[in-house]
Amino acid sequence: MNLPTTSDGSVTLWWETPHAPGAVAIGRLASASVASLDALLSQLTGSQALAVGEMSHRPFAMIDDGLVVRLASDQALIMPHGGVRIVAQLDKWMRAHGVADARVDPRGTYPEARCEREALALEAASTAASARAIPLLLAQPARIAAAASNGWTHDVKSQARAQRLARLLHPPRVVAVGAANVGKSSLLNAVAGRTVSIAMDFAGTTRDCVAARVELDGLVVDWFDTPGIRVTDDEVERAAQAIATSLRASADLILEISAPAIPCPNQSTITERLSVCTRIDLDRDHRSPEASAASVHVSAHDRTGIPQLARAIRASLVSDDDLSSTEPWIFRDGLLCGLTAP
């Protein structure tokens, strides 16, 4: 496999394994400059670069360890453990050291594609987190070609839609916040269909942030269950509260969780939030202020409202109009110019 190299001799990286959890990940480093590749491998492993044909077990920048194989003077393979977080941290390290993503012609990977746009759509579909992305992606080559020939422009409105639809490719972050003992952990377990977070009827049970990847109405999200918002002297819980604060700031959607007689402290400043009242089996008539003010009503006890919650979260992140629109979805750069026509 010959990866294209940059004219300035910098190093490029191509992950040959999917961006999904696995035992081992395989990344291919390439550079027209042997010296640049040698220098990068020395920085990454903390030791001298390998000779051609050599394989060695080495550390990777205090992130992980694994095998390094020098395939040729201009190419090498790195094989860390395949955890998503490990690969992401190595990616971050590579970017900080000037390594660029390798651009491989997708038509070589997808020879059945009739044009480059179609190959790019197939490439995106192969790694999309949510199944809802696939029919949309497969419709884009024809839509983009027609729109480009008609002078369509990728304006601010279509860019905003593209950003929302990108959540079908990469799971958005949903963060549940609320007072202690409001039922956040039970709700996550009900949504996930398995025990993810410990749920007990006393405050402070969740003393850390718990995450799970769940599918909600065809949209895969990373759901974070955070400790109850309260004053505490517990060092572990205080550290978790600090992490929760950071999570809230970077969330794509905040779930403000309340329950009858347990309001949600207003901690969110982002615009995308959804008010959810749990334990609705205790207040079927929505007489409590918390129930009457909530947008969605659920009960983890008898699973009332779970499908409605899933649809509400999905619609908050990717709307029905986003999914039904026949306008082009520019799911990656370069789709409107410099591509082979269908």
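If you're wondering where the values come from, they're calculated on a predicted model, not measured in any experiment.
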Worksheet item: Hey, are the side chains of Ile306 and Leu187 touching, using non-hydrogen atoms and a 4.5 Å cut-off?
Response: yes
Worksheet item: Is there a side-chain contact between Leu90 and Leu44, using heavy atoms and a 4.5 Å cut-off?
Response: yes
Worksheet item: Other hydrophobic cluster members with Ile280, side-chain heavy atoms of Ile/Leu/Val/Met/Phe/Trp/Tyr under 4.5 Å, chained?
Response: none
Fill in: Nearest heavy atoms of Val276 and Ala294, plus distance in Å
C-CB, 4.2 Å
Worksheet entry | Residues in salt bridge (charged side-chain N to carboxylate O under 4.0 Å, His left out) contact with Glu118, at least two apart in sequence or another chain | Arg114
Fill in: Under 4.5 Å side-chain linkage, directly or through intermediates, the cluster mates of Val156
none
Item to complete: For Asp38 and Ala49, indicate whether the former's side chain and the latter's backbone hold a donor-acceptor pair under 3.5 Å.
Response: no
Worksheet item: Side chains of Val99 and Trp93: does their closest heavy-atom pair fall under 4.5 Å?
Response: no
Discussion item. Taking Leu335 as the starting point, is it possible to reach Tyr110 by hopping between hydrophobic residues whose side chains are less than 4.5 Å apart?
Written reply: no
Worksheet item: Are Ile134 and Leu317 connected, step by step, through hydrophobic side chains (Ile, Leu, Val, Met, Phe, Trp, Tyr) whose heavy atoms are closer than 4.5 Å?
Response: no
Item to complete: Would you mind telling me which of Arg167, Arg164, Arg173 makes a salt bridge (Lys or Arg N to Asp or Glu O under 4.0 Å) with Glu272?
Response: Arg167
Fill in: Residues in side chain to side chain donor-acceptor pair (under 3.5 Å) contact with Arg143, at least two apart in sequence or another chain
none
Fill in: ILVMFWY clustering at 4.5 Å (side-chain atoms), partners of Val84
none
Discussion item. With heavy-atom distances below 4.5 Å as the criterion, would you say the side chains of Leu168 and Leu137 are in contact?
Written reply: no
Response to the item:
Closest non-hydrogen contact found for Pro260 with Cys277 is CD-SG, 3.9 Å
Worksheet item: Does a side-chain heavy-atom distance below 4.5 Å link Ile330 with Gln140?
Response: no
Worksheet item: Going through the checks in order, is the side chain to side chain contact (heavy atoms under 4.5 Å, CB included) test met by Glu112 and Leu122?
Response: CA-CA 10 Å; Glu112 69 274 23; Leu122 291 171; 3.9 Å; yes
Worksheet item: Rounded to the nearest 0.5 Å, how far does CD of Glu256 lie from CG of Leu274?
Response: 8.5 Å
Worksheet, complete the sentence: side-chain contact (heavy atoms from CB on, under 4.5 Å) test vs Ile144 passes for just one of His154, Arg117, Glu327, namely Arg117
Discussion item. Looking at every heavy atom in both Ser258 and Glu290, which two are closest together, and how far apart are they?
Written reply: OG-CB, 3.7 Å
Worksheet item: Does the side-chain hydrogen bond (donor to acceptor under 3.5 Å, both in side chains) test come out yes or no for Thr304 and Asp302, once each step is laid out?
Response: CA-CA 6 Å; Thr304 299; Asp302 59 15; 2.6 Å; yes
Worksheet, complete the sentence: In this structure, CZ of Phe331 is separated from CG of Leu136 (nearest 0.5 Å) by 11.0 Å
Worksheet item: Are the side chain of Arg132 and the backbone N or O of Leu219 linked by a donor-acceptor pair below 3.5 Å?
Response: no
Item to complete: Taking Arg70 for its side chain and Leu50 for its backbone only, find out whether a donor-acceptor pair lies under 3.5 Å.
Response: yes
Practice prompt. Work out which heavy atom in Pro265 is nearest to a heavy atom in Gly178; give both atom names and the distance.
Written response: CD-C, 4.1 Å
Worksheet item: Linking I/L/V/M/F/W/Y whenever any side-chain heavy atoms sit under 4.5 Å apart, do Leu253 and Val221 land together?
Response: yes
Worksheet entry | Contact summary for Leu169 and Ala133, nearest pair of heavy atoms | CD2-CB, 4.1 Å
Discussion item. Going by salt bridge (charged side-chain N to carboxylate O under 4.0 Å, His left out), name the residues that satisfy it together with Arg85, two or more places apart in sequence or in a different chain.
Written reply: none
Worksheet entry | Under the side chain to side chain donor-acceptor pair (under 3.5 Å) test, residues paired with Trp152 that sit two or more places apart | none
Fill in: Pairs involving residues 150-160, ordered by first then second residue, that meet salt bridge (charged side-chain N to carboxylate O under 4.0 Å, His left out) (sequence neighbours left out)
none
Practice prompt. Quick one: pull up CG in Asn189 and CG in Asp225 and give me the separation to the nearest 0.5 Å.
Written response: 8.0 Å
Practice prompt. Start with the C-alpha gap between Asp320 and Arg314, add the side-chain angles, then the distance that decides, and say whether salt bridge (charged side-chain N to carboxylate O under 4.0 Å, His left out) holds.
Written response: CA-CA 9 Å; Asp320 292 337; Arg314 191 273 303 158; 2.8 Å; yes
Worksheet item: Same hydrophobic cluster for Val220 and Val174, using side-chain heavy-atom links shorter than 4.5 Å among ILVMFWY?
Response: no
Worksheet entry | Listed once per pair and sorted, the ring pair (Phe, Tyr, Trp, His ring centres under 6.0 Å) pairs that draw on residues 48-77, sequence neighbours left out | none
Response to the item:
When rounded to the nearest 0.5 Å, the distance separating CG of Asp252 from CD1 of Ile313 is 12.5 Å
Discussion item. If the condition is salt bridge (charged side-chain N to carboxylate O under 4.0 Å, His left out), which residues does Asp283 pass it with, not counting sequence neighbours?
Written reply: none
Worksheet entry | side-chain contact (heavy atoms from CB on, under 4.5 Å) partners of Asn150, counting only residues at least two apart | none
Fill in: Residue Gln159 excluded, over 12 heavy atoms near CD under 6.0 Å
yes
Discussion item. For a side chain to side chain contact (heavy atoms under 4.5 Å, CB included) check, start with the C-alpha distance between Arg279 and His301, then their side-chain angles and the critical distance, and finish with the verdict.
Written reply: CA-CA 7 Å; Arg279 301 179 180 172; His301 175 70; over 6 Å; no
Worksheet entry | Transitive ILVMFWY cluster of Ile26, excluding itself - 4.5 Å side-chain cut-off | Val24, Met55, Leu67, Val69, Leu71, Leu77, Met79
Practice prompt. Taking all non-hydrogen atoms of both residues into account, name the closest pair between Asp91 and Trp15 and its distance.
Written response: OD1-NE1, 3.1 Å
Practice prompt. Calculate, to the nearest 0.5 Å, the distance between atoms CG and OG belonging to Leu309 and Ser299 respectively.
Written response: 12.0 Å
